[in-house]
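Naming: A, B, ... by sequence-line order, numbering from 1 per chain. Keep in mind the model is a prediction, meaning the values are calculated, not measured.
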Amino acid sequence: MKLITCGLPYANGKAHIGHLRTYVPADVYVRYLRMFGEKVIFVCGSDCHGTPIVINAEKEGLRPKELVDIYHEHFQKVFSKIDVNFDYFGRTDAEYHHERTQEIVKRLLENGYIYPKEIELAYCPNCDRFLPDRYVEGVCPYCGEIARGDECDQGCGRHLEPGEILEPRCKICGAKAVYRKQKHYFFRLIEFKDFLLEFLEKLGGTENALNYAKQWVTMELKDWCITRNLEWGVKFPGEDLVVYVWVDAPIGYISFTEKACEGRMDWRDIWLRNKAEIVHFIGLDIVYHHCIFWPAMLKGSDYSLPNAVVASGMVKVEGKTFSKSRGYVVWLEDDYLASGLNTDFLRYYLVNYTSHQKDLNFSWEVFGDKVNNELIANLGNFLYRVTYFAWKNFGGKVEAKIDDTALDAIRTAIDKIKYALENWEFKIASDAFMELSSYGNNYFQNAKPWDLIKSDRDECEKAVATCLQIAKALVILSYPVLPKTMKEFSEFLGFDVAKARIEDALNVESFSIQKPKIPFEKVLPEKIAELEDTMHTRIAMAESGERKEFEETGKEVEGVKETERVNEAMEKTERMKGKVGGIGEKEGEIVMDENPPEISFDEFKRLDLRIGKVINAEKIEKSKKLLRLEIDVGDEVRQVVAGIAEYYKPEDLVGKLVPILVNMKPAKLMGVESRGMILAADVDGEPVLLYPDKKVEPGTKIR
RNA sequence: AGCGGGGUGGGGUAGCCAGGUAAUCCCGGCGGGCUCAUAACCCGCAGAUCCGUGGUUCAAAUCCACGCCCCGCUACCA
């Protein structure tokens, strides 16, 4: 008996490919386990609490619950479409979840693991609210740089304790913040140090999670503040506070299990009596919550402990760090599902691209290659050529006289899948059936049934039966990864793979074949180009500073955009890059939107600014905002892509003199190289071009 | 800054933790075969100083040290 959980999606934004990086492998794992005869419960749900949801709802003019409703429904829909089938998909703002959370908090209180403490918190008199550290800005007492409430992120990098920062200001309204004392509650994490050290030795799962957690525990632990000043959330007993969302979110694993067990079994067997193996699938970014805080909470309240934490690597898009704000993202509904592509393609990509622990790069080009050259050319083609051959030449009736060496090949694949599951390496499992498919293609090719059918019908039937056995095994073994397609194809082979067990792959019986249909539709290059364009447009818009547009599509709201952890990490690295790399980095301008730091004259001199003359201009097809310009910069003519098509017509630009940054790092926008950047005033996102006061020669320096 | 994970033929990726005939698979390039199949399938060839330097060893992509570069994480921010 196993309980499998997935990290809860935060109900504050749409589902994207990053989510699936965790959920698809978990679903694949669950499906394999079931085929191996294991009893499994698979739960997940929406994480509904926390400051960002409250603030975001406010901005949208909604109540938090209304915002959560939207995304909860969205996640359910998307998961179901992509065949990630949870036994229960709950939500943490449900009553049953609040009850379970409060029960656990009470147990922790009774057991003496929670204590109150007065702490000083930044408070904004203007907004009339306590400010999370994120929303406090001030001056670092050590180095004098601008710093965030908890960390001097731009200067010396030191961690700052509450109250340390000088001249605190509210980042939301800009007003001076004050410090106020308030009673909050802390969890005695320190007391769990020895327990955790021992626990982590026994904990299973991926090394990336375990190594990280072990190292964290060895360092100094601090007690953990578990209450917040919010209305929205699980009420802390007897106080006007809610529990911190990272306390109640993992408790969802328990409360959702309760719901999943209703009418089937007693959930207490799992969470109180250790009768099931508990496995958490998470993203690499929330390891410490699951390996440290969570087990300590469970231990402190006498619940069962997890047996394994399986952490997936992060997702990159087109080789770049995943980032919604910069356009490096694939939205599941708007991009993938809208494209009409077989959802199994994406599942295969996610599982097969690389080791579960490593970062996965998503690129449409690779996607097309993998689908067409692997899924279709290898697996799909084999299934179809064999089944079609059997139907056409034997009327579908083929006796079970097979070459036993094929059974060995099938056994090898099964063993490999077992090994893969034990080691959380789902790529190895999918490689196993792809190798079997190659074996099948080879077998078919060498046996030459198309010749045999003319010379030796019996020999031919034997070869076909052998290949059909391999095909049947393939359908079964690949079903967990490709459920939609294989469910359909199994019917042509005369069985229902959804009800099959792994052993059926070795079960030899005569075949009754129906006329098959092609299992996978080929992905056309035009389709890939179209999807790439969508993405490149998004990236180009982000790069040219067109923020409004993607804030709509990306559901990001001014001021809260940093709440995206991915996003934040991005901006952080960008800040660092900005520090080191200077102004050459085009990313700089996005980050430097407010209070840009001073630069020296030497730094300014690094900019090669000139007046250029537009000698040609045309729209870039399929893009709304981009123009391709040819600009005479004095010594040469440069091709420059500019995001001004919505405001300037190409024909109006020809002959115009514009300021241009010549030594801008070249970039490709929608596949068109841009070498340089024309400068314009930014009037609420509308570019307004700047022209020289007198006529000057192209190439004239600007200083 | 600290910690973690990486740097393997043109691109991507396996192997390394349990060191041993110079290395997997997919794409791409070249040549051949086949025709049942979604121009799919099969075979062969070219191409890697396995980031650098030093060390351990009879033997290192694989272990150790130092260096360079990339990426991620860092708790009152989900």
### Message
Rounding to an integer number of angstrom, what distance separates B/rA22 and B/rG11 when you compare their C1' atoms?
### Response
22 Å
### Message
My understanding is that a pair needs two contacts under 3.5 Å, Watson-Crick or G-U wobble. By that rule, which nucleotide pairs with B/rG4?
### Response
B/rC71
### Task
Quick one: look up who B/rA39 pairs with, Watson-Crick or G-U, both distances under 3.5 Å, and put none if it's unpaired.
none
### Task
Return no unless some side-chain N or O of A/Y384 is found under 4.0 Å from OP1 or OP2 of B/rA40.
no
### Task
Nearest-nucleotide wise, let me know which of A/Y388 and A/L221 is further upstream toward the 5' end of RNA chain B.
A/Y388
### Task
Using heavy atoms to find the nearest nucleotide of RNA chain B for A/L189 and A/D431 separately, return the residue whose nucleotide is more 5′.
A/D431
### Query
Mind checking who B/rC76 pairs with, Watson-Crick or G-U wobble, both distances under 3.5 Å?
none
### Task
Pick the P atom in B/rC25 and in B/rA14, then give their distance to the nearest Å.
14 Å
### Query
Roughly how far apart, to the nearest Å, are B/rU24 and B/rC45 at atom P?
12 Å
### Task
Kindly say whether the aromatic ring centers of A/F489 and A/F492 come within a distance under 6.0 Å.
yes
### Parallel, tilted or perpendicular: rings of A/W391 and A/Y388 (30°, 60°)
tilted
### Message
Measure CG/A/L341 against C1'/B/rU38 and give the value in whole Å, please.
### Response
16 Å
### Task
Ignoring the backbone of A/R228, work out which of B/rU13, B/rC76, B/rU35 is nearest its side chain.
B/rC76
### Message
Say we look at B/rG54 and B/rC16: how far apart would their P atoms be, to the nearest angstrom?
### Response
27 Å
### Task
Name the nucleic acid region contacted by A/Y244, choosing base, sugar-phosphate or nothing; use a 4.0 angstrom heavy-atom cut-off, strictly under.
sugar-phosphate
### Query
When you measure from the side chain of A/Y353, which nucleotide among B/rU13, B/rC41, B/rC27 comes out closest?
B/rU13
### Query
Counting only side-chain N and O atoms of A/K522, is one of them less than 4.0 Å from OP1 or OP2 of B/rA40?
yes
#### Entry: Proximal nucleotide (of B/rA78, B/rC27, B/rU38) relative to the A/D369 side chain
B/rC27
### Query
Quick one: is the NZ or CZ of A/R188 closer than 6.0 Å to the six-membered ring centre of A/Y113, and within 45° of its axis?
no
### Task
Assign A/K370 to base, sugar-phosphate, or nothing according to its heavy-atom contacts below 4.0 angstrom with the strands shown.
nothing
#### Entry: A/F186 and its side chain to side chain contact (heavy atoms under 4.5 Å, CB included) partner, picked from A/I114, A/I119, A/I226
A/I119
### B/rU74 OP1/OP2 closer than 4.0 Å to side-chain N/O of A/Y288
yes
### Query
Mind checking whether A/F187 and A/W224 have parallel, tilted or perpendicular rings, split at 30° and 60°?
perpendicular
### Message
Looking at A/K222, I'd like to know whether one of its side-chain N or O atoms comes within less than 4.0 Å of OP1 or OP2 on B/rC76.
### Response
no
### Task
May I ask you to evaluate whether A/N442 reaches the phosphate of B/rC43, defined as a side-chain N or O under 4.0 Å from OP1 or OP2?
yes
### Query
If the C1' atom of B/rG7 is compared with that of B/rG31, how far apart are they to the nearest Å?
34 Å
### Task
For nucleotides B/rG47 and B/rC30, find the distance between their C1' atoms and express it as a whole number of Å.
11 Å
### Query
Taking the six-membered ring for Trp, are A/Y185 and A/Y115 ring centroids under 6.0 Å apart?
no
### Task
Could you check which of B/rC36, B/rC42, B/rA78 has an atom nearest any side-chain atom of A/F444?
B/rC36
#### Entry: Closest listed nucleotide, where the reference is the side chain of A/P52 and the choices are B/rC71, B/rA75, B/rA78
B/rA78
### Query
Which listed nucleotide (B/rC36, B/rC27, B/rA75) is nearest to the side chain of A/F293?
B/rA75
### Query
What does B/rC66 pair with, Watson-Crick or G-U, if both distances are under 3.5 Å?
B/rG52
#### Entry: Name of the residue among A/H289, A/H290, A/H97 meeting ring-ring contact (aromatic ring centres under 6.0 Å, His included) with A/Y253
A/H290
### Query
Rounding to the closest angstrom, what is the interatomic distance between B/rG55 and B/rU74 at atom P?
40 Å
### Integer-rounded Å distance: B/rG5 C1' and A/L360 CG
16 Å
### Query
Between the side-chain atoms of A/Q445 and the base atoms of B/rC41, is any donor-acceptor pair under 3.5 Å?
yes
#### Entry: Between B/rG6 (P) and A/Q357 (CD): distance, integer Å
9 Å
### Query
Could you give the CH2-to-C1' distance, from A/W246 to B/rC76, as a whole number of Å?
15 Å
### Summary
By the Watson-Crick or G-U definition, both distances under 3.5 Å, B/rA59 is matched with none
### Any A/T354 side-chain nitrogen or oxygen under 4.0 Å from OP1 or OP2 of B/rG12
no
### Task
Would you indicate which nucleotide in B/rA40, B/rU38, B/rA78 comes nearest to any side-chain atom of A/I376?
B/rU38
### From B/rC76, B/rG33, B/rU38, nucleotide with atom closest to A/I518 side chain
B/rU38
### Query
From B/rA75, B/rC36, B/rC71, pick the nucleotide closest to the side chain of A/F389?
B/rC36
### Query
Once you round it to whole Å, what is the distance between P of B/rG6 and CE of A/M314?
17 Å
### Query
Within this structure, what is the CG-to-C1' distance between A/N441 and B/rU38, rounded to whole angstrom?
13 Å
#### Entry: Parallel, tilted or perpendicular: ring planes of A/F444 versus A/W450, cut at 30 and 60 degrees
tilted
### Query
Rounding to the closest angstrom, what is the interatomic distance between B/rC68 and B/rC51 at atom C1'?
8 Å
### Query
Out of B/rU38, B/rC27, B/rA78, which has the shortest distance to the side chain of A/N373?
B/rC27
### Query
Which part of the nucleic acid, if any, lies within contact of A/A249, taking any heavy atom under 4.0 Å across all strands shown: a base, the sugar-phosphate backbone alone, or nothing?
nothing
### Summary
What one should report as the nearest heavy-atom pair of A/H72 and A/R91 is CD2-NH1, 3.7 Å
### Task
Any strand is fair game: report the nucleotide pairing with B/rC30 by Watson-Crick or G-U wobble, both distances under 3.5 Å, or none.
B/rG44
